[in-house]
Amino acid sequence: MQIASSTRVLSDQDKANYHEFGYLSIDSFLSQKWLSLLKATAQEFVELSRTVTRSGKVFDIEPKHTADEPRIRRLNSPVDNHAVFEEFALAGPAAQLAIELLGSPVRFHHSKLNFKWADGGEEVKWHQDIQFWPHTDFTPLTIGIYLDDVSQDMGPMGVFPGSHNGPLHDLYAPDGSWAGAVNDHVLETLDMDEVKWLQGRAGSATVHNCCLMHGSMPNVGKRTRPLLLQTYSAGDSYPISGIGANGVTGAKSGTIIGGISRQRLEIEGRSMHGAPDWSRHGAPTIFGSQQKERN
Ligand SMILES: O=C(O)CCC(=O)C(=O)O
């Protein structure tokens, strides 16, 4: 898929900061046009959610959600649910930003819209992302877009600068079940004064590396905090199957943006030219390939 334009939004210093600290906070990232379009599209889903009584493929809703007073936790996979979100993530400003940071092409992984509703929208406990969807390298990053102004009481993204270069923590609970968050004994070692809270105006962007420790507090404010998130890796980085959410991240997962896949990868310092991607249409047998029936 081609990207829409190539307007530069990051300076070399921004890129250096991303690599050093593992995150960025970019004020006024979106044009008014994109912001209005994304807000209106998100609002369409708020209206649609009034017909929903339980969490499912499209919505994750709070137990208190009703038709009269919607309380959505998350719109799952926006790119699979609306053409505006698809264009934004696969060809628009988010794709462009990913390419600026990762080089072309990039590989799209997944998207989500975390609403964090007013008056108590839930916290996201401290975690790193890569354990949820391991890849063949640590290039994956997530771009977040605030669709409304976000102040400290609304539960902005919080990050530990530089933690992407630290340990990859165990996100299982002591009883062996998946917790999706670090344990208390890790929390006790963290200095909360180091956290940078990424408040921002509507249309500002956050970027965080897949190994960065991050989380957010409950929204105790009076306005909902919609954060549209989309994840990409470098084109030569591949999600590892058989672990975590890889394989269930949506129909557009794996889309290559800004070029074509080279099918090159490096594992344990050894590089190779891998076979074509047969995951969507089925693999030929070695006989068929060697007899040049198809590839
Ligand atoms: O919505 C947030 O505040 C954080 C989102 C996040 O960390 C995640 O979905 O992995």
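Read the numbers this way: they start at 1 and go in the same order the structure lists the ligands and their atoms.
Contact check for Leu212 versus Phe21: no side-chain heavy atoms found under the 4.5 Å cut-off. Asn183 places none of its side-chain heavy atoms less than 4.5 Å from the side chain of Tyr172.
The backbone N or O of Glu69 lies less than 3.5 Å from a partner atom in the side chain of Thr66, making a donor-acceptor pair.
Partner of His109 under the side-chain hydrogen bond (donor to acceptor under 3.5 Å, both in side chains) criterion, out of Asp129, Asn246, Thr231: Asn246 alone. Of the listed residues (Met192, His169, Lys125), just one forms a side chain to side chain contact (heavy atoms under 4.5 Å, CB included) with Leu187, and that residue is Met192.
Taking a cutoff of 4.0 Å between a charged side-chain nitrogen and a carboxylate oxygen, Asp60 and Arg74 do not qualify as a salt bridge.
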Output block, N or O contacts of ligand 1, threshold 3.5 Å exclusive:
residue, atom, partner, partner atom, Å
ligand 1, 1 (O), Asn114, ND2, 2.9
ligand 1, 1 (O), Arg225, NH2, 2.8
ligand 1, 3 (O), Ser216, OG, 2.6
ligand 1, 3 (O), Arg225, NH1, 2.7
ligand 1, 3 (O), Arg225, NH2, 3.4
ligand 1, 7 (O), His127, NE2, 3.2
ligand 1, 7 (O), His214, NE2, 3.0
ligand 1, 9 (O), Arg74, NH2, 3.2
ligand 1, 9 (O), Lys112, NZ, 3.4
ligand 1, 9 (O), Asn114, ND2, 3.4
ligand 1, 10 (O), His127, NE2, 3.1
ligand 1, 10 (O), Asp129, OD1, 3.4

